[in-house]
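Here's the structure, in structure tokens; my notes come after.
Positions are given from 1, in the same order as the sequence printed here. Owing to the predicted nature of the structure, the values given are computational and were not obtained by experimental measurement.
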Amino acid sequence: MSLFAQYYIQIFDHDFKSEEVVLLVMPCCHVNSLYNSFPVTWIGGTVMCYNMVSFNSEDLLKTFSEHGVTFTSLVPTHYIMMLSLPDEVKKKYDLTTIKKLLISSAPARRDTKLGILEMFPNSELYEAYGSTEAGIVTVLKPNEQLTKLGSCGREVIGSDIVRLYDDDGNIVTEPGKVGELYSRSPMLLSGYWKAPEKMARP
């Protein structure tokens, strides 16, 4: 049930449609691809895996253009490498089919976000935080990308709580104070495979 809950949430929070053409660049065992593939095929969209041994930023732009990709999910380094390509290279490819982009797995700077939105003029930008065990926990939607810099967004629909606790088990309320993030939602795993003792640990 946790996977079905995550699929529903992804469809809602990312406004996925049956017309999507999704390119999976991240490893397919990673939450970044896992939770952006099955939700789209479930509603009748197209999902392709990027078959490259190493990352080539120009080839990725070429792939976007040739296959009419509408969505992909990348880490900041991928975007920075694409943005650093010479202008004459970037102009060779039609990037207007991209309607949505996700950036995750590491913090993204303002100049990176502005560069992405300029390079992909028809695209909205999402930012997300999550894990394979907990699913997608928070999402920063396009309307808050530049007003909530440094934030990984609000809890996804269907989440119960997202809180920070300090080493003593107290809720962190002060800005800038370090804490460990806890979430509770339908996406959480029910247990580790053949390792019940891991679930018993505090």
* Are H14 and V139 close enough, and set up right, to give a side-chain contact (heavy atoms from CB on, under 4.5 Å), and what steps lead you there? -> CA-CA 9 Å; H14 291 78; V139 62; 4.2 Å; yes

* To do: Kindly determine whether N36 and F16 satisfy side-chain contact (heavy atoms from CB on, under 4.5 Å), including the steps that lead there.
  => CA-CA 9 Å; N36 292 309; F16 283 139; 4.0 Å; yes

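Of all heavy-atom pairs spanning V89 and E58, the tightest one is CG1-CD, 3.4 Å. What you find for S57 and L85 is that their closest heavy atoms are OG-CD2, 3.5 Å.
Here the side chain of Q145 pairs a donor or acceptor atom with the backbone of L125 at under 3.5 angstrom. Side chain of K148 to backbone of G153: no donor-acceptor contact under 3.5 angstrom is found. With hydrogens and angles disregarded, no donor-acceptor distance shorter than 3.5 Å links the side chain of D168 to the backbone of N170.
Within 6.0 Å of CD on E88 lie more than 12 heavy atoms contributed by other residues, nucleotides or ligands. The 12-atom threshold is exceeded at NZ of K92, counting heavy atoms of other residues, nucleotides or ligands nearer than 6.0 Å. The 12-atom threshold is exceeded at CD of E66, counting heavy atoms of other residues, nucleotides or ligands nearer than 6.0 Å.
Remark: S183 OG to L164 CG distance equals 11.0 Å, nearest 0.5 Å. M48 CE to Y50 OH: the interatomic distance, rounded to the nearest 0.5 Å, is 11.0 Å. Taken to the nearest 0.5 Å, the CD1 atom of I98 stands 7.0 Å off from the OG1 atom of T72. A distance of 11.0 Å separates NZ of K17 from OG1 of T70, quoted to the nearest 0.5 Å. Atoms CG and OG1, from L140 and T147 in turn, are 7.5 Å apart once rounded to the nearest 0.5 Å.
A single hydrophobic cluster is seen to contain both V47 and Y8, as judged by linkage of ILVMFWY side chains at heavy-atom distances under 4.5 Å, directly or through other members. Residues F55 and Y93 fall within the same hydrophobic cluster, defined by Ile, Leu, Val, Met, Phe, Trp and Tyr side chains chained together at heavy-atom separations under 4.5 Å. Two different hydrophobic clusters hold V40 and L101 under the rule that ILVMFWY side chains link at heavy-atom gaps under 4.5 Å. A continuous path of ILVMFWY side-chain contacts below 4.5 Å connects L23 to L61, so both sit in one hydrophobic cluster. L24 and V69 are assigned to two separate hydrophobic clusters, defined by single-linkage of ILVMFWY side chains at heavy-atom distances under 4.5 Å.
Of the options E19, E20, E127, E124, a salt bridge (charged side-chain N to carboxylate O under 4.0 Å, His left out) to K100 is made by E20 and by none of the others.
Residues V21 and T97 form no side-chain contact, since every pair of their non-hydrogen atoms from C-beta on lies 4.5 Å or further apart.
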